[in-house]
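Here is the structure we will look at.
Counting begins at 1 with the first residue of the sequence.
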Amino acid sequence: MAAATVPKDKLDAPAAAGVNGPEDDFFADWDSIDWDQAEKNVRRLRQRIFTASRDGDLAKVRNLQKLMLRSLSNTLVSVRRVTEVNAGRKTAGVDGQVVLTAPGKAELARFIQRRGSIWQARPVRRVFIPKAGGHKRRPLGIPVIIDRAHQARASAALEPEWEARFEARSYGFRPGRGCHDAIGVIYNTLNGKNPQRVWILDADLAAAFDRIDHDRLLAQLGTFPARGLVRQWLKAGVVERGRFTATEEGIPQGGVISPVLLNVSLHGMEAAAGVRYYPPGRRPGEIMPDAPVLVRYADDRAPRTQREVSM
């Protein structure tokens with residue numbers, strides 16, 4: 001059987017797209033999909049969104065995000081991510097469903113590509129897992145597998161827009177960044193040429209995921225094309241031990257899109273702290289010597305890749 005190659009120049013391919021015949025044949029041949037090409041298509045479109053955001057062209061950003069949300073490649077890569085790559089792929093949400101077989105993955109991708117626009121978010125299943133290095137536990141929200149796939153699709157559209165806008169010294173839950181990068185910046189700030197800072201304020205954002213203000217976050221997202229779905233995820237509620245509870249604040253740890261939503265919510269901390277940069281064109285990226293340096297990081301990477309839990 002010929003490989004089911006993803007169309008190279010049809011990232012906005014509608015539900016009926018396929019290169020070797022009808023859509024049903026294309027999705028059915030899950031194991032023969034050209035994954036290198038699919039990943040390349042998504043990376044290229046992510047880069048275009050990033051560039052448009054960096055250039056301040058919001059209209060182009062929105063058009064490209066709509067393209068990403070229609071993208072067949074993005075659907076395929078997102079389904080593969082939540083069913084094959086993420087650590088929580090064997091953990092079910094409130095519907096008790098997991099997708100582990102090739103036919104099941106193909107059916108999930110077909111469903112999302114055809115009917116994604118009419119999906120209604122489901123509540124998350126809340127469990128508690130031990131915190132690293134202690135006896136305390138933290139809540140983990142487990143979305144149903146369809147919501148996870150939708151969140152992966154939406155994150156692919158949202159993350160590159162904000163990666164072009166986030167503060168340079170923000171290191172929590174960002175691709176290619178981590179705690180060690182933050183430590184390096186702190187060290188260089190204190191030991192560089194003519195260091196001006198002589199003290200450090202260490203602040204912990206306790207239960208940061210649980211206290212996100214929904215209205216403020218949605219306002220930050222502006223006209224993001226999947227804003228309606230994000231609102232559904234925020235308001236979907238949680239089920240713990242069979243009891244439903246509405247969610248009026250916070251975002252569930254364990255959601256695929258939760259880390260980037262947390263970063264969007266926290267964006268603007270530098271301005272609030274009084275960080276001031278040199279004017280454009282003069283020592284770009286450098287903070288004025290009489291202004292504070294704010295370094296933000298996350299010391300727990302678990303929300304990025306949902307852990308396995310047995311309940």
Side-chain angles (χ1 to χ4, degrees), residues 6-13 35-82 85-86 112-113 116-117 147-178 181-182 212 217-231 233-234 251 255-270 284-285 296-298 301 303-305:
V6 177
K8 292 183 179 181
D9 300 314
K10 296 184 179 179
L11 287 172
D12 58 344
W35 292 110
D36 287 340
Q37 185 61 54
E39 295 275 4
K40 181 179 178 181
N41 288 344
V42 174
R43 285 196 303 270
R44 183 172 63 230
L45 189 47
R46 284 177 64 102
Q47 183 60 49
R48 292 176 65 191
I49 295 171
F50 177 91
T51 301
S53 180
R54 183 194 59 195
D55 295 343
D57 191 343
L58 184 59
K60 186 173 183 180
V61 169
R62 295 296 182 245
N63 285 333
L64 291 170
Q65 287 173 328
K66 291 174 184 176
L67 196 59
M68 180 70 91
L69 292 168
R70 293 194 305 266
S71 165
L72 176 59
S73 292
N74 187 28
T75 296
L76 294 171
V77 169
S78 296
V79 169
R80 192 186 191 204
R81 173 181 174 183
V82 301
V85 179
N86 284 11
I112 288 174
Q113 191 72 6
S117 62
D147 274 319
R148 284 180 239 174
H150 276 299
Q151 287 185 18
R153 293 172 70 243
S155 182
L158 182 65
E159 189 173 63
E161 174 196 352
W162 283 87
E163 277 298 311
R165 299 167 59 182
F166 285 144
E167 294 99 342
R169 291 166 180 80
S170 167
Y171 295 96
F173 306 125
R174 293 183 62 186
R177 292 173 171 237
D181 300 305
I212 296 301
L217 172 57
L218 292 169
Q220 288 275 82
L221 295 181
T223 56
F224 175 56
R227 182 177 180 273
L229 258 181
V230 173
R231 187 182 188 283
W233 291 322
L234 295 177
I251 51 180
V256 177
I257 200 172
S258 295
V260 68
L261 292 180
L262 176 68
N263 278 334
V264 171
S265 298
L266 296 178
H267 183 65
M269 288 184 68
E270 282 195 348
R296 177 162 59 85
Y297 68 97
R301 300 281 304 172
R304 171 67 73 171
T305 53

Trace of the side-chain hydrogen bond (donor to acceptor under 3.5 Å, both in side chains) decision for His267 with Gln220: CA-CA 9 Å; His267 183 65; Gln220 288 275 82; 6.0 Å; no

Stepwise side-chain contact (heavy atoms from CB on, under 4.5 Å) test for Met68 and Leu64: CA-CA 6 Å; Met68 180 70 91; Leu64 291 170; over 6 Å; no

Check against side-chain contact (heavy atoms from CB on, under 4.5 Å), Arg48 and Thr51: CA-CA 5 Å; Arg48 292 176 65 191; Thr51 301; 5.8 Å; no

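With respect to Arg174 and Glu159, no salt bridge is recorded, no charged nitrogen being found less than 4.0 Å from a carboxylate O.
Neither side chain, Gln47 nor Arg44, offers a donor N or O lying under 3.5 Å from an acceptor on the other. Side-chain contact, Gln113 with Thr75: a donor N or O sits under 3.5 Å from an acceptor N or O. Looking only at atom types and distance, the side chain of Asn263 has no donor-acceptor partner in the side chain of Trp162 under 3.5 Å away.
Looking at every heavy atom in both residues, Pro225 comes nearest to Lys66 through CG-CG, 3.7 Å. Nearest approach of Leu221 to Arg62, heavy atoms of both residues: O-NH2, 3.3 Å. Closest non-hydrogen pair, Ala156 versus Asn74, comes out as CB-OD1, 3.5 Å. For the residue pair Gly222 and Arg227, the shortest heavy atom distance occurs at O-CD, 2.9 Å. Listed here is the closest heavy atom pair of Phe173 and Pro259: CB-CB, 3.6 Å. Contact between Ala154 and Phe224 at its shortest, heavy atoms only, is O-CZ, 3.7 Å.
Distance check: Glu161 CD to Arg46 CZ gives 12.0 Å after rounding to the nearest 0.5 Å. Here the CG atom belonging to Leu218 is positioned 5.5 Å from the CG atom belonging to Leu234, to the nearest 0.5 angstrom. A distance of 10.0 Å separates CD1 of Ile212 from OG of Ser258, quoted to the nearest 0.5 Å. Expressed to the nearest 0.5 Å, how far OG of Ser53 lies from CG of Leu58 amounts to 8.0 Å. Distance OG/Ser170 to CG/Asp181: 11.0 Å, rounded to 0.5 Å. One finds the CD1 atom of Ile49 at 8.0 Å from the CG atom of Leu67 (value rounded to the nearest 0.5 Å).
A donor-acceptor contact shorter than 3.5 Å links the side chain of Ser265 to the backbone of Leu261. One N or O on the side chain of Gln65 and one on the backbone of Ala157 form a donor-acceptor pair closer than 3.5 Å. Side chain of Ser155 to backbone of Gln151: no donor-acceptor contact under 3.5 angstrom is found. With Arg153 contributing its side chain and Leu69 its backbone, the two residues share a donor-acceptor pair below 3.5 Å. The main-chain N or O of Asn86 is never found under 3.5 Å from a side-chain atom of Arg81 such that the two would form a donor-acceptor pair.
Looking at heavy atoms from C-beta onward, Arg80 lies out of side-chain contact with Val77 at the 4.5 angstrom threshold. Contact check for His150 versus Trp233: side-chain heavy atoms found under the 4.5 Å cut-off. Annotation: side chain of Leu76 is in contact with side chain of Trp35 (closest heavy-atom distance under 4.5 Å).
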